[in-house]
Amino acid sequence: LEGRWRAALTDSQSALAIYREQCTGVSWEVASAQAIELWSLYQMGRMGELLERVPSLIKAARERGDIYDATTLRTSLLNAIWLAADDCDQAAFEVHDALRAWSPRGVHMQHFFEVYDLAQIDLYAQRAAAAWDRVTARWAALDDAMLFRVCDVRCEMYFLRARCAIAAAAAGRKELLADAERDADALDAEQMAWPAAFARMVRACVAAQRGAPDAAPLFSAAALAFETLGMELHATVARLHLGRLLGGTEGVELVGAAIASMRAERIKN
């Protein structure tokens with residue numbers, strides 16, 4: 001919740017060792033600790049490791065009939081492994097198929113995962129209007145279910161809605177840049193480093209669309225903020241945008257390094 005991904009990774013791995021070696025009847029606890037471990041890897045940008053591990057974990061969860069674990073592994077932040085593999089269709093299938101096995105009653109974390117993942121797929125497939133409509137249509141239901149009282153849900157959704165607004169603005173709805181700025185304000189209001197880094201990235205994208213002279217420094221500041229937090233893939237994306245904005249020799253080098261970094265994490269496109 002505080003964005004201390006390295007500590008979360010280490011502690012969840014220690015917990016998993018205790019559960020597996022010393023405990024019985026702890027399938028929920030194992031699945032939850034494992035989720036924290038894998039989500040931490042995602043935030044740290046270790047996509048290659050997730051691509052290597054998650055499919056076999058899904059197979060094992062399904063073989064033992066663990067719906068909770070299988071749903072978390074196929075959705076949540078981990079659904080991005082199929083986008084890294086450049087496979088939107090499989091990403092969408094995993095979400096829809098996983099949620100078919102989930103209770104239709106109420107609004108749960110798994111329904112947050114559903115909205116988040118499908119909107120990310122929309123963004124990846126350049127369906128900006130669909131992404132914006134999906135997030136805004138489900139926002140009130142998630143809020144009414146009190147899911148936004150959970151810090152990381154709230155921050156990820158502010159960042160997601162801002163990205164949807166920016167993408168829709170790039171497709172012509174320029175008025176939505178103001179909505180993205182409001183979400184950046186909300187992220188800054190959290191007064192924590194990782195949502196503040198999200199806010200810097202949002203403000204950089206808004207400035208770039210407006211042709212503002214401070215876009216490059218904002219991308220540079222976002223990259224530094226993400227790097228400080230150990231969010232290497234986020235930092236790489238910020239440097240990629242900075243390179244495209246700068247152009248010239250420096251820009252080409254930044255873009256080339258960013259693409260090489262993503263390829264090293266097995267990101268296809």
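Just so it is clear, the model here is predicted, and its values are computed rather than measured.
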Q: For the atom pair SG (Cys164) and CD (Gln120), what is the distance rounded to the nearest 0.5 Å?
A: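 Between Cys164 SG and Gln120 CD, I get 8.5 Å after rounding to 0.5 Å.
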
Q: Are more than 12 heavy atoms from other residues, nucleotides or ligands located less than 6.0 Å from atom CD of Glu250?
A: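 No, CD of Glu250 has 12 or fewer neighbouring heavy atoms, counting only those of other groups under 6.0 Å.
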
Q: If you count heavy atoms of other groups shown closer than 6.0 angstrom to CH2 of Trp139, is the number above 12?
A: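 Yes, CH2 of Trp139 has more than 12 neighbouring heavy atoms, counting only those of other groups under 6.0 Å.
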
Q: Within the supplied structure, the quantity of interest is the number of heavy atoms (other residues, nucleotides, ligands) at a distance under 6.0 Å from Gln191 CD; does it exceed 12?
A: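 No, CD of Gln191 has 12 or fewer neighbouring heavy atoms, counting only those of other groups under 6.0 Å.
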
Q: Using the benzene-type ring in the case of Trp, are the ring centres of Trp194 and Trp5 under 6.0 Å apart?
A: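 Yes; Trp5 has its ring centre under 6.0 Å from that of Trp194.
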
Q: By the definition side-chain contact (heavy atoms from CB on, under 4.5 Å), identify the one residue from Arg203, Arg239, Met201 that meets it with Phe219.
A: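 In the set Arg203, Arg239, Met201, the residue that makes a side-chain contact (heavy atoms from CB on, under 4.5 Å) with Phe219 is Met201.
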
Q: Are Glu114 and Gln110 linked by a side-chain donor-acceptor pair shorter than 3.5 Å?
A: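 Result is no, nothing qualifies.
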
Q: Identify the residue among Ile267, Leu51, Asp87 that makes a side-chain contact (heavy atoms from CB on, under 4.5 Å) with Ile81.
A: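 Single side-chain contact (heavy atoms from CB on, under 4.5 Å) partner of Ile81 among Ile267, Leu51, Asp87: Leu51.
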
Q: If you group Ile, Leu, Val, Met, Phe, Trp and Tyr by side-chain heavy-atom gaps below 4.5 Å, do Leu177 and Val135 land in one group?
A: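 Yes, Leu177 and Val135 fall within the same hydrophobic cluster.
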
Q: If you measure from CG on Asp188 to CZ on Arg200, what distance do you get to the nearest 0.5 Å?
A: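 Atom-to-atom, Asp188:CG and Arg200:CZ are 8.5 Å apart.
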
Q: More than 12 heavy atoms of other residues, nucleotides or ligands under 6.0 Å from CZ of Arg62: is that the case?
A: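 Counting neighbours around CZ of Arg62, 12 or fewer heavy atoms of other residues, nucleotides or ligands fall under 6.0 Å, so no.
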
Q: Report, as yes or no, whether the 6.0 Å neighbourhood of atom CD on Gln126 holds more than 12 heavy atoms from other residues, nucleotides or ligands.
A: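 Atom CD in Gln126 is not crowded, with 12 or fewer foreign heavy atoms closer than 6.0 Å.
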
Q: Counting only heavy atoms from other residues, nucleotides and ligands, does the tally under 6.0 Å from CZ of Arg263 exceed 12?
A: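 Open.
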
Q: For the pair His96 (side chain) and Phe93 (backbone), establish whether a donor and an acceptor sit closer than 3.5 Å, ignoring hydrogens and angles.
A: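 Side chain of His96 to backbone of Phe93: no pair is present.
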
Q: Sub-3.5 Å donor-acceptor pair from the side chain of Asn79 to the main-chain atoms of Arg74, do we have one?
A: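 Checked: pair present.
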
Q: With no hydrogens and no angle check, is any side-chain donor or acceptor of Ser56 less than 3.5 Å from a backbone partner on Arg53?
A: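 Looks like yes, one N/O pair under 3.5 Å.
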
Q: Parallel, tilted or perpendicular: which describes the rings of Trp102 and Tyr68, with under 30° parallel and over 60° perpendicular?
A: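 Geometry flag for Tyr68 against Trp102: tilted rings.
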
